[in-house]
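These notes are about the structure you will find just below.
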2 protein chains.
Amino acid sequence: MKHALNQKPDYEKELRKAGVRITRPRRIILDILTSTEDHPDAMKIFHRAIEIDDSISLSTVYRTMNLLEEMGAIHRHAFNGGPSRFEQAHGEHHDHLIDVDTGDVIEFQSDKIEKLQEEIARALGYDIIHHRLELYGRKSKRPE
Amino acid sequence: MKHALNQKPDYEKELRKAGVRITRPRRIILDILTSTEDHPDAMKIFHRAIEIDDSISLSTVYRTMNLLEEMGAIHRHAFNGGPSRFEQAHGEHHDHLIDVDTGDVIEFQSDKIEKLQEEIARALGYDIIHHRLELYGRKSKRPE
DNA sequence: AATGCAAATGCGAATGATTTGCAAAAAGAA
DNA sequence: TTCTTTTTGCAAATCATTCGCATTTGCATT
Ligand SMILES: [Mn+2]
Ligand SMILES: [Mn+2]
Ligand SMILES: [Zn+2]
Ligand SMILES: [Zn+2]
C-alpha cells in the first residue's frame with residue numbers, strides 16, 4: 001500500500017526503438033501523462049494539450065493513447081463504466097479505490113490480494129494475464 | 001467457489017411493490033434474465049426477446065435494464081470495456097474470470113478476497129459500497 | 001541543407017452503444 | 001368501461017471513439 005513517484009522512464013527512447021516517430025503531439029501528450037498524478041480521460045488530455053499547442057486534434061489524442069497502450073506505456077481504466085481514463089504504466093502495479101461521493105481515485109497495493117488472485121485463477125486452471133480490481137466506497141464515519 | 005441456482009425470486013412482486021407497472025416486455029425480459037446462466041448484452045437480450053414477441057424494441061430493453069439495475073435486480077458488467085452485459089442480482093455474490101482466448105466467463109467466489117478488500121478499504125478510511133474484480137486469464141499449460 | 005517517402009496529423013464524417021422526445025398504446029385504479 | 005399515468009416503439013439525438021483521406025511532417029538519405 002504505497003505510492004511510488006520514481007524517476008521518469010524515457011518513453012521517447014522507447015518509441016524510437018520501436019520504430020515509432022516522435023512527433024510534436026506525441027511529445028506533448030507524453031509530457032502530460034508523465035507529469036500528472038491523476039487519471040485523465042481523452043478529453044481532459046486534449047484540453048491540457050491544446051493549452052500547449054492549439055493545433056493538436058482530439059483524434060490524435062485517441063490515436064496516441066491507443067499507441068501507448070499497445071506499447072505498454074500506459075494503462076486504460078473505465079471507472080464506473082465511464083469513458084476511458086489513462087495513467088502511465090511506469091511504477092509498481094496498484095489498484096484503485098473510487099470515492100463514490102467525490103469521484104476521488106485512491107491508489108493502493110496489496111501483495112496479499114495479488115497472491116490470492118493468482119491462487120484462485122490457478123485453482124480454476126488459468127494463468128492471469130491481467131486483472132481489474134476497483135473498490136467503490138464512501139468515507140467511513142467509524143473511528144479507524 | 002460455488003454456483004447457486006436457487007429458487008427464482010419474484011421480481012414481478014418486487015416491481016409492483018415499487019409502484020412499477022408489470023408490462024409484457026418487462027415480463028419477457030425478466031424471464032430471459034432469470035432463466036439464463038450467461039451474461040448477455042442488451043442486443044442479445046433484445047434478440048431473445050423478439051423471438052417471443054417481435055414487437056419489443058431495443059429501447060425498451062435498455063430502459064428495462066436501467067430500471068432493473070436501479071432496483072438492484074440485476075448487475076451490470078463491462079468486461080474488456082465492451083458493451084454492458086447483465087445478469088440477475090439474485091444469488092450469492094461472485095466475481096469473474098474471463099478467458100482471454102475464448103471469451104468464456106467463469107464465476108468464482110472467495111471469502112478471503114472479499115475480506116481483504118474490506119480490510120484495505122478500512123485501512124484507507126472507507127466503507128465499500130460495491131466493487132469490481134475481473135481476472136483476465138488464459139488456460140494454463142502446467143499441471144494443476 | 002535539399003530531397004523523398006512513409007508515417008502521422010487534422011479535419012470531418014462514420015460508427016457503435018446508449019439515451020431521449022414524442023405521439024400512440026397499454027396498465028391498473030376507480 | 002373510463003380515466004389517468006406509465007410505458008412503449010420509433011426515429012432522431014448524444015457520446016465516446018474510430019476512420020478516410022488529403023496534407024503535413026519526421027527523418028533517413030543524398
Ligand atoms: Mn492509478
Ligand atoms: Mn456472473
Ligand atoms: Zn492488482
Ligand atoms: Zn467480489
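Residue numbering restarts at 1 for every chain, and letters A, B, ... go by the order of the sequence lines. The basis for the numbers below is simple: all heavy atoms, side chains too, and nothing from hydrogens, waters or symmetry mates.
Checking A:Ile22 against A:Ser84, the closest nucleotide of DNA chain D that is more toward the 5' end is the one next to A:Ser84.
Side-chain proximity of B:Pro25 to C:dG10, C:dA17, D:dG9: nearest is D:dG9. Which of C:dA17, C:dT9, D:dT7 sits closest to the side chain of A:Thr23 comes down to C:dT9.
Under 4.0 Å is where a charged nitrogen must lie from a carboxylate oxygen, and between A:Arg85 and A:Asp41 no such pair does. Look at B:Arg48 and B:Asp38 and you find a salt bridge, because one of the NZ, NE, NH1 or NH2 atoms lies within 4.0 Å of a carboxylate O, short of that distance.
Between B:Tyr11 and B:His90 there is a side-chain heavy-atom pair separated by less than 4.5 Å. With contacts defined as side-chain heavy-atom distances shorter than 4.5 Å, the pair A:Asp95/A:Glu107 does not qualify.
Between the NZ atom of A:Lys17 and the C1' atom of D:dC27 there is a distance of 19 Å, rounded to whole Å. Taking atom CD1 of B:Ile45 as the reference point, atom P of C:dT18 lies 10 Å away to the nearest angstrom. Between B:Arg24 atom CZ and C:dA27 atom P there is a gap of 9 Å when expressed in whole angstrom units. As a whole-Å value, the separation of A:Phe46 CZ from C:dT9 P is 14 Å. One can place CZ of A:Arg27 at 15 Å from C1' of C:dT9, the figure rounded to the nearest angstrom. Atom CG of B:Asp54 and atom P of D:dG9 are 10 Å apart (whole Å). Atom pair A:Arg16:CZ and D:dG26:P shows a separation of 11 Å (rounding to whole Å applied). The interatomic distance linking A:Asp53 (CG) with C:dA8 (C1') rounds to 14 Å, in whole Å.
A donor N or O paired with an acceptor N or O is found under 3.5 Å between the base of C:dA6 and the side-chain atoms of A:Arg21.
Within a heavy-atom distance below 4.0 Å of DNA chain C, the residues of residues 56-67 of chain A found are A:Ile56, A:Ser57, A:Ser59, A:Thr60, A:Arg63.
Side-chain contact annotation: B:Glu114 with B:His93, donor-acceptor N/O pair under 3.5 Å present. A donor-acceptor contact under 3.5 angstrom links the side chains of B:Glu87 and B:His94, judged on distance only.
Between A:Arg26 and C:dA8, a side-chain N or O to OP1/OP2 separation shorter than 4.0 Å is present.
A search for ring pair (Phe, Tyr, Trp, His ring centres under 6.0 Å) contacts involving A:His130 returns B:Tyr136, not counting sequence neighbours.
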